[in-house]
Amino acid sequence: MYYVGEWHFHPGGSPEPSGDDYRSMTSIAANSDYQCLEPVMIILGGKPAGSYSLSASVFPRGDVPIRLREVLL
């Protein structure tokens, strides 16, 4: 079993990672206990009665995050 990353929902908001998201993922990438040099964060944003969008970002250890893509669902 390997740690891959985190996912969560931003209800009523954009799937853009927040400051807390960036700090958490940077900390996870730097923590050798996770054994994951490039954790992934997936965020679903939108309104339950409306449309949703999804983002995925990779947080390489010691480097800037990489936004993979955003998809309208």
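The structure places OG of Ser57 at 9.5 Å from CD1 of Ile66, a figure rounded to the nearest 0.5 Å. Expressed to the nearest 0.5 Å, how far CZ of Phe59 lies from CD1 of Ile28 amounts to 9.5 Å.
Across Glu6 and Met25, no two heavy atoms sit closer than the pair CG-SD, 3.7 Å. Across all non-hydrogen atoms, the minimal contact from Arg67 to Pro17 is NH1-CD, 4.0 Å.
Among residues two or more places apart in sequence or in another chain, the salt bridge (charged side-chain N to carboxylate O under 4.0 Å, His left out) test is passed with Arg23 by Asp20. Under the ring pair (Phe, Tyr, Trp, His ring centres under 6.0 Å) criterion, Phe9 pairs with no residue at all, not counting sequence neighbours.
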Return all side-chain donor-acceptor pairs below 3.5 angstrom for residues 31-47, not counting sequence neighbours, or 'none' if the list is empty.
residue : atom : partner : partner atom : Å
Asn31   : OD1  : Asp33   : N            : 2.8

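Side-chain contact of Asp21 with Ser24: a donor-acceptor pair under 3.5 Å is absent, judged by distance alone.
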